[in-house]
Protein chains: 2
Amino acid sequence: MRKTQARQAIVDLLSKSDRPVPARDIVLGVARDRPDINKSTVYRFIKSLLESQQLISIPLPGRGALYELRREGEHYHFSCEGCQEVLCLNDTKLEVGRLVPRGYTVSPQNLVLSGLCPKCS
Amino acid sequence: MRKTQARQAIVDLLSKSDRPVPARDIVLGVARDRPDINKSTVYRFIKSLLESQQLISIPLPGRGALYELRREGEHYHFSCEGCQEVLCLNDTKLEVGRLVPRGYTVSPQNLVLSGLCPKCS
DNA sequence: ATCGGTGCAAAGGGTTTGCAGGGTA
DNA sequence: TACCCTGCAAACCCTTTGCACCGAT
């Protein structure tokens, strides 16, 4: 995979965020920083990163998916139904394995909990 | 909310399925059974059911959302990354509350686990 | 009879694709 | 130089909307 200016700009934008980003924000953010980069290029690269497992997709109800660069260490996410905030949770004591029947394996990075944060409760 | 033939057909279709259904399948399924019912009506009714909390939306990575009539008792879902099957899990021993920090509350019906089923492992 | 529900067709938004030109290795 | 990557614009798909008619209460 070649390193190009467009791709660098997209990775930079994703790296700067401490939480998952909607596709819309990636496209708009790149357009703002680098108006010369076309949205097709952004979509193509997002797809390419997903296929090479370097990008994680976090699906949300009603609001499309959020994207986040794969990081060291697994973590999961929490989506507040009130304020729509999405945050990363890093509880390594997570025992999601016991939530599924015997024989199934679980990928914690795809786990999204939703509910209410303290402010919205 | 009025009971009409179109709405009955849509609810019937949703009731017959033992697992969540993509919007596409609702639209196509209704079109097959009742070609006289327009897809706009289907979309409008789905939206209406969602707003009245009678329908639950289950977001999936890359594949739009799945829909399911609200049932008695909370349950959550598992999505296999291999065969794309989605199934309902009914473990009432679920203790998702301990997965989030103090002060947060979790809605189990919005929880989607993903990973591999026994066949795809 | 009323007013919410429906069909139709068109618009809308986000994402994908074909193609020719441009940049990276 | 070779080939991947990119820009552009159009196509695409799914969903939503405006409007007039229909039908459930």
Side-chain angles (χ1 to χ4, degrees), chain A residues 1-15 17 20-69 79 84 86 112, chain B residues 1-15 17 20-69 79 84 86 112:
Chain A
M1 181 171 299
R2 289 183 184 171
K3 177 179 288 189
T4 65
Q5 294 189 6
R7 293 178 170 187
Q8 192 60 52
I10 296 165
V11 170
D12 283 350
L13 186 145
L14 286 166
S15 303
S17 178
V21 185
R24 168 191 175 80
D25 289 1
I26 305 177
V27 173
L28 292 180
V30 171
R32 176 170 35 75
D33 297 345
R34 294 287 307 269
D36 57 313
I37 297 176
N38 193 274
K39 60 183 175 182
S40 303
T41 303
V42 178
Y43 281 115
R44 273 190 281 236
F45 190 50
I46 289 174
K47 197 172 185 177
S48 153
L49 286 175
L50 284 172
E51 285 166 355
S52 60
Q53 312 270 328
Q54 297 174 68
L55 195 67
I56 292 172
S57 148
I58 301 147
L60 289 182
R63 292 192 293 144
L66 305 185
Y67 300 96
E68 167 180 85
L69 288 176
S79 161
Q84 310 294 321
V86 174
V112 182
Chain B
M1 184 172 294
R2 290 182 183 173
K3 177 178 287 187
T4 65
Q5 293 189 7
R7 293 178 169 188
Q8 193 60 53
I10 295 165
V11 170
D12 283 351
L13 185 146
L14 287 166
S15 303
S17 177
V21 186
R24 170 191 174 79
D25 289 2
I26 305 177
V27 173
L28 293 180
V30 170
R32 176 169 35 74
D33 297 344
R34 294 287 307 270
D36 56 315
I37 297 177
N38 193 274
K39 60 182 176 182
S40 303
T41 302
V42 179
Y43 282 115
R44 274 190 281 237
F45 190 49
I46 289 174
K47 197 171 183 178
S48 153
L49 285 175
L50 284 172
E51 285 167 356
S52 60
Q53 312 269 330
Q54 296 174 69
L55 196 66
I56 291 172
S57 149
I58 300 147
L60 289 182
R63 291 192 294 145
L66 304 185
Y67 299 97
E68 169 180 85
L69 288 176
S79 161
Q84 310 294 321
V86 173
V112 182

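In what follows, chains carry the letters A, B, and so on, assigned in the order in which the sequence lines appear, proteins first and then strands, with residues in each chain numbered from 1.
- Using modelled atom types, no side-chain atom of R7(B) and backbone atom of F45(B) make a donor-acceptor pair closer than 3.5 Å.
- Between K47(A) and dT17(C) there is a side-chain polar atom (N or O) within less than 4.0 angstrom of OP1 or OP2.
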Show your working on side chain to side chain contact (heavy atoms under 4.5 Å, CB included) between V42(A) and I10(A) and close with a plain yes or no.
-> CA-CA 7 Å; V42(A) 178; I10(A) 296 165; 4.1 Å; yes
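- For dG13(C), the OP1/OP2 oxygens have no side-chain nitrogen or oxygen of R24(A) closer than 4.0 Å.
- Counting to the nearest Å, the P atom of dC8(C) and the OH atom of Y43(B) are 16 Å from each other.
- Looking only at side-chain heavy atoms (C-beta outward), V86(B) and I58(B) stay at 4.5 Å or farther from each other.
- Rounded to an integer number of Å, the gap from CD of E51(A) to P of dT16(C) is 10 Å.
- Per the geometry, CZ belonging to F45(B) stands 18 Å off C1' belonging to dT15(D), to the nearest Å.
- Contact between A9(B) and I37(B) at its shortest, heavy atoms only, is CB-CD1, 3.9 Å.
- Going from atom CG of L28(B) over to atom P of dC14(D) covers 8 Å, rounded to whole Å.
- Under the 4.5 Å side-chain criterion, counting only non-hydrogen atoms from C-beta, L14(A) is in contact with L55(A).
- Between R34(B) atom CZ and dG5(C) atom C1' the separation is 14 Å, expressed in whole Å.
- A search for side chain to side chain contact (heavy atoms under 4.5 Å, CB included) contacts involving D36(B) returns R34(B), not counting sequence neighbours.
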For nucleotides 7-11 of chain D, tabulate all protein N/O to nucleotide N/O atom pairs closer than 3.5 Å, reporting atom names and distance.
{"from": "dG7(D)", "atom 1": "OP1", "to": "D36(A)", "atom 2": "O", "distance (Å)": "2.6"}
{"from": "dG7(D)", "atom 1": "OP2", "to": "N38(A)", "atom 2": "N", "distance (Å)": "2.9"}
{"from": "dG7(D)", "atom 1": "OP2", "to": "T41(A)", "atom 2": "OG1", "distance (Å)": "2.3"}
{"from": "dG7(D)", "atom 1": "N7", "to": "R44(A)", "atom 2": "NH2", "distance (Å)": "3.0"}
{"from": "dG7(D)", "atom 1": "O6", "to": "R44(A)", "atom 2": "NH1", "distance (Å)": "3.4"}
{"from": "dG7(D)", "atom 1": "O6", "to": "R44(A)", "atom 2": "NH2", "distance (Å)": "3.1"}
{"from": "dC8(D)", "atom 1": "N4", "to": "S40(A)", "atom 2": "OG", "distance (Å)": "3.4"}
{"from": "dA9(D)", "atom 1": "N6", "to": "S40(A)", "atom 2": "OG", "distance (Å)": "2.9"}

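- L50(A) and I56(A) make their closest contact through CD2-C, 4.3 Å (heavy atoms, listed as atom of the first residue, atom of the second, distance).
- The structure places CG of L13(A) at 9.5 Å from CG of L69(A), a figure rounded to the nearest 0.5 Å.
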Would you list the protein and nucleotides 23-25 of chain D atom pairs, both N or O, that sit under 3.5 Å from each other?
{"from": "dG23(D)", "atom 1": "N2", "to": "R2(B)", "atom 2": "NH1", "distance (Å)": "2.7"}

